[in-house]
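Notes follow once the structure below has been shown.
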Amino acid sequence: MTDTTDRFRDIRDAVRDLCRQFPDEYFRKVDEQRAYPAEFVEALTKAGWLAALIPQEYGGSGLGLAEASVIMEQINRSGGNSGACHGQMYNMGTLLRHGSAAQKQAYLPKIASGELRLQSMAVTEPSTGTDTTKIKTTAVKVGGKSGDRYVVNGQKVWISRVQHSDLMILLARTTPLAEVSRRADGMSIFLVDLHQAVGKGLTVRPIANMVNHETNELFFDALEIPADTLIGEEGKGFRYILDGLNAERSLIAAECIGDAWWFINRASAYANERRVFNRPIGKNQGVQFPIAEAYVETEAANLMRFDACRRFDAHEACGPQANMAKHLAAKASWEAANVCLQTHGGFGFACEYDIERKFRETRLYQVAPISTNLILSYIAEHVLGLPRSF
Ligand SMILES: Cc1cc2nc3c(=O)[nH]c(=O)nc-3n(C[C@H](O)[C@H](O)[C@H](O)COP(=O)(O)OP(=O)(O)OC[C@H]3O[C@@H](n4cnc5c(N)ncnc54)[C@H](O)[C@@H]3O)c2cc1C
């Protein structure tokens with residue numbers, strides 16, 4: 001597709017080769033069984049792809065966000081779903097940017113080698129939704145004056161990959177909302193060792209859902225975590241999380257673009273091959289144009305995605321570009337999914353074509369990790385200077 005992607009040819013080819021070992025049948029079966037693609041994630045880890053953003057001094061490959069985004073894109077473009085493993089890419093960034101030297105030394109090399117998985121981040125709560133500053137999960141410091149531990153109480157929802165992770169980043173209130181002058185203050189993040197926590201104050205309840213996405217409700221009942229699991233300064237956790245969102249959105253945009261290209265390729269191939277009324281259905285402009293339109297939109301989203309990545313890698317402000325990239329790409333992939341399904345007629349609904357699976361998977365991106373409305377609200381307020389609405 002666009003030349004912008006050519007300079008990543010080596011990465012693209014290598015990830016594509018790895019993905020070829022996991023054909024459509026593999027992901028179809030994993031989806032049917034609502035299983036975790038453990039072999040696939042292990043192969044990616046072994047090949048070092050999930051450590052792309054970890055600096056070389058910690059055993060990673062020290063690549064930029066643009067390269068990392070190509071890895072995610074290529075997985076989705078090959079028919080897979082990065083949702084099983086993308087958490088590792090951006091959660092690690094929080095530890096890298098805000099963790100202490102001791103924390104980084106203790107965890108990053110093991111994450112890079114695959115010995116430890118940091119696939120989960122627990123932010124969303126059932127009663128507060130997108131209104132994150134109102135979260136009710138608390139972490140209270142106990143243990144005398146120095147305070148050697150925190151006690152966590154509360155509930156989270158939609159927390160992904162907990163059953164396939166060793167570590168989880170947790171956002172909790174350490175100072176009540178009523179006692180802070182700015183609502184974003186008073187929240188902190190912790191690096192929770194899931195093996196130490198589950199069954200000892202943390203209960204994990206899986207949520208059956210539309211896509212094969214391992215996601216859970218979490219219940220914290222007086223869970224004790226060591227004080228040195230705090231990342232960065234107490235009370236600044238929400239800012240640290242926000243900090244990582246531009247990377248997350250750019251990576252998700254790339255996944256959507258990978259999906260969109262998969263749908264467009266399938267739709268074009270089928271439109272050329274399927275004959276109805278003695279001619280390929282693709283000869284009809286009513287069939288051609290929606291596919292062409294999806295292609296145009298995907299290419300435009302792709303440019304914005306690379307602009308966001310370039311700015312991020314150059315340490316420039318990239319909030320608007322990352323948000324716009326995610327928005328455009330999620331819209332383009334959803335449009336391409338719809339067109340692909342329509343082009344296939346009844347066969348689009350047959351599981352063996354994989355379209356219905358990818359259709360469900362790509363729909364998620366309109367809602368998670370950030371819903372479409374919240375992106376538009378960001379652009380309206382922070383780019384266009386319109387009044388704050390909430
Ligand atoms: C499969 C899956 C995996 C997920 N994984 C994780 C995870 O690993 N960790 C995690 O922390 N979270 C995770 N989430 C949660 C996800 O980030 C949220 O679902 C998402 O941010 C939307 O929040 P909500 O569901 O609470 O919707 P709500 O906040 O309840 O919003 C519902 C709808 O109302 C709209 N809305 C709300 N307020 C406004 C407003 N002021 N103006 C306009 N529209 C508004 C929203 O756009 C949305 O469409 C996951 C969700 C899913 C479905």
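We count ligands from 1, going down the list as the structure has it; atoms in each ligand are counted the same way.
The list of side-chain hydrogen bond (donor to acceptor under 3.5 Å, both in side chains) pairs with a residue in residues 317-327, not counting sequence neighbours, reads Arg249-Asn323. Under the ring-ring contact (aromatic ring centres under 6.0 Å, His included) criterion, the residue pairs touching residues 19-66 are Phe22-Tyr26, Phe22-Phe40, Phe27-Phe40, Tyr36-His164, with sequence neighbours excluded.
Listed as neighbours of ligand 1 are Met121, Val123, Thr124, Gly129, Thr130, Trp158, Ile159, Ser160, His213, Thr215, Leu364, Val367, Ala368, Pro369, Ser371, Asn373, Leu374, Phe390, each bearing a heavy atom under 4.0 Å from the ligand.
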Sequence neighbours left out, cut at 3.5 Å: what donor-acceptor pairs do the side chains of residues 381-390 make with other protein atoms?
residue : atom : partner : partner atom : Å
Arg388  : NE   : Phe390  : O            : 2.8

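Using a 4.5 Å heavy-atom threshold, the side chains of Asp31 and Arg360 count as touching.
In this structure, Phe359 has its ring center under 6.0 Å from that of Trp334.
Asp259 and Asn76 form a side-chain donor-acceptor contact under 3.5 Å, judged by distance and modelled atom types alone.
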